[in-house]
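Whatever order the structure lists ligands and atoms in, that order sets their numbers, starting from 1. Treat the numbers as computed from the prediction; the structure is a model and nothing was measured. What's counted below: heavy atoms across the whole structure, side chains too, no hydrogens, waters or symmetry copies.
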Amino acid sequence: MEESEDLRKKYLQLKQEINYHNYRYHVLDDPEISDEAFDKLLIELRKIEEMHPEWITPDSPTQRAGSTVSEKFEKVTHPVQVLSLANAFNKQDVINWLDRTEKMDPRIKYADFVLEPKIDGLTVVLTYQNGLLIRGATRGDGIIGEDVTPNIRTIKSVPLAIPVSEKSIKVPETIVVRGEVFILESDFEKINAELAKRGEKTWVNPRNTAAGSLRQLNPEITAQRPLRIFTYQILFSSSDQPIPDTQWGTLEYLQQLGFPVSPDSRYCENREQMLNHLDEWQEIRNRLDYEIDGVVIKINDLRIAGSLGFVGKDPRGAIALKFPAREATTKLLDIGVNVGRTGVITPYAILSPVEIGGVVVKQATLHNFDFIRDRDIRIGDIVMIKRAGDVIPYVIGPLTEKRDGTQVPYVMPDRCPSCGQPLEHLENEVAVYCVNNACPAQLVRNVEHFASREAMDINGLGIKIVEQIVQNGLIKDVGDLYSLKKEDLLSLEGFGDKKAENLITAIENSKKQPLSRLINALGIRGVGEVMAITLAEHFPSLDQLKNATADDLMQIEGIGPNVAQAILDWFSRDTNQMVLKKLQNAGVWPVNMEAAESDKAPQVLAGKTIVVTGTLSHFTRDEIKDFILKHGGKPTESVSNKTSFVIVGENPGSKRDKAIELGIPLYTEQMFLDMVGIEKNDQRTID
Ligand code: IVH
């Protein structure tokens, strides 16, 4: 009996402890113990509950995700009406609201205020009886909502019992708290990336995801969604305990009970401070990880606010300053495609013009063709568009419920819209390419890149001029730039003597650009400015680079199989070989003297395929590979009949046995150095 009493004491203590740590983790975001320690406590609790199932109460942390799947949600009547808010759309609307209320109650002239983020989520109403969560409901029409208690219980930051930590606070017998359930944008992106990876349908936006999750009949599904809550109002409390009579005090009180409140709310001493502070909210909005659609301005004194009454469903004591929407819906008129420099074909939406946040949007990105297919976007659909911050407007997805049967599924082009050549879909890549180097659209982008500041830096050869030159058929590839004559340019609109001469001079001057710039200018997929510099360090000129094998390339740090393959592909194409010839003939063939110097090392290993096994004393693995390459040899990983010899270091592996088996000569490190004709201390040569 006594033992059982001790156990019961322990059980109650454990339960409280776990709820407290849950609160530290999910509400304060400041855990005191490790995940493992937390799990241990839970396991201990479960063990006791197995022995004494009669002790289990609904506030036990093991009872969050119940598995009762409902048929439908029961209706519940809220204890008081769950009010809405009137909207203001600019500062003047806010000033007008202040003036109006001041006329009703002169004290408002001296009132203080609270500014709160208007969270773009779903209102929920939480009822606690004797400190226990007994119900969670949706707002519904403000009078009757739906009972979604099992789903609410799965939200880890919703306390199952209050107060969570401050034991000195006495909680009213009944207290009804209002909050907003939402999903962090970062969590939302994570879920979507996961879904996309699994090839499943992705979600439209955080708000819809939160709404859908809350209205799940199976709470196990809700439990898997990263729902969060911020609370901001006490809708009702029984009169046995006093509750704060200010909004700021309410937020503090809710926090003390263990409810999450937004850390971004602000107290303002007076009207001026409040009005000034409003200007900062655009910026606050940009840095928040949760979506807000406005800022709520509340008169801090809840008695004054309450005495003002309400108009319809809107209390007079608060107002929402709404931000310009970042999303809008409009009709997808058509889908166009762009051809990029590397031949990537990207689709974009042609829209019925729609205003989003003060800007008229007519086009938006559609990311890629998989996106259109995955989201089942059809021409004629009403689509949701988003435009936030500096981001290019993009299509979120179609509103399928708005379809009327006139929508047409999109058929992806199989030919390049510019040159008509068949498009290629590379394995493991989302992108679709036009691989025709002579494609005019690509040529324009290619030349633009070739001439750009980071590449050959040809002054005066911007996109407009490039388009003119290409459209007039003056060049077929970047190599032709160097045979352009002043007279050719004079035939173009807007070209006078001076302008033509300047451009010819700029093109001529670009011949002096270093090899790294030329490599970058070629526009090889995956080879940007930095990679070009690396390549130029390893290859003295394009002669060596074009003869490099995939193995040679992959010896270089930072070059993986994809880039190596892209380089090989580029050099293997006939059209590109033609470009190289033209460049070489024109004298655009820079040599990297430094690389050339080191390339002068005696090519004593030419034609030799060499394998290394075991640890060497003069070289690391990378150094020996570089050394072999520098001396004309070919380092490889595995022993075969093609292997010329194997260098055997300390603790050799099975490669040595394989060599013996195949009768391939074995060299010690010293024998190898002797063969190359290098003193082993000759660091200069080895380095
Ligand atoms: S106060 C009487 N505060 O916005 C108090 N509402 O358009 C009325 N909302 O239905 C609500 N964040 O769902 C208030 N900090 C916040 C809010 C907030 C979001 C929602 C709420 C309400 C809607 C009004």
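In this structure, of Tyr232, Phe230, Phe310, Phe182, the residue bringing a heavy atom nearest to atom 18 (C) of ligand 1 is Tyr232. Comparing Gln81, Lys298, Arg139 against atom 3 (N) of ligand 1, the shortest heavy-atom distance belongs to Lys298.
Distances below 4.0 Å separate heavy atoms of Glu116 from the following atoms of ligand 1: 3 (N), 15 (N), 16 (C). In summary, the atoms of ligand 1 found under 4.0 Å from a heavy atom of Thr123, numbered by their order in the structure, are 10 (O), 13 (O), 21 (C). Below 4.0 Å from some heavy atom of Arg178 lie the following atoms of ligand 1, by number and element: 5 (C), 8 (C), 10 (O), 11 (C), 13 (O), 21 (C), 22 (C). Taking every heavy atom of Pro315 and a limit of under 4.0 angstrom, the matching atoms of ligand 1 come to 2 (C).
Heavy-atom contacts from other residues, nucleotides or ligands closer than 6.0 Å to CD of Gln92 number more than 12.
By the 4.0 Å heavy-atom criterion, Pro117 is counted among the residues contacting ligand 1. The closest approach between Ser84 and ligand 1 falls below 4.0 Å for a heavy atom of the residue.
Looking only at distances, a side-chain donor or acceptor of Asn300 sits under 3.5 Å from a matching main-chain atom of Gln247. Judged purely by atom type and a 3.5 angstrom limit, Thr138 uses its side chain to pair as donor or acceptor with the backbone of Glu146. Although no hydrogens or angles enter the test, the distance criterion places a donor-acceptor pair under 3.5 Å between the side chain of Asp381 and the main chain of Arg378.
Protein heavy atom nearest atom 20 (C) of ligand 1, with residue, atom name and distance: Glu180 OE2, 3.6 Å. Looking only at heavy atoms of the protein, atom 4 (O) of ligand 1 is closest to Lys118 NZ, 3.1 Å.
Only one option out of Lys118, Arg326, Arg285, Arg207 pairs with Asp293 in a salt bridge (Lys or Arg N to Asp or Glu O under 4.0 Å); it is Lys118.
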Self-check item: CA sep, side-chain torsions, deciding dist, call: Tyr128, Phe259, ring-ring contact (aromatic ring centres under 6.0 Å, His included)
Solution: CA-CA 12 Å; Tyr128 289 80; Phe259 289 100; 5.3 Å; yes
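Salt-bridge annotation for Asp187 and Arg228: present, with a side-chain N of the basic residue lying under 4.0 Å from a carboxylate O of the acidic one.
Checking only distances, Ile119 does come within under 3.5 Å of ligand 1, N or O to N or O.
Side-chain contact, Asn338 with Tyr348: no donor N or O sits under 3.5 Å from an acceptor N or O.
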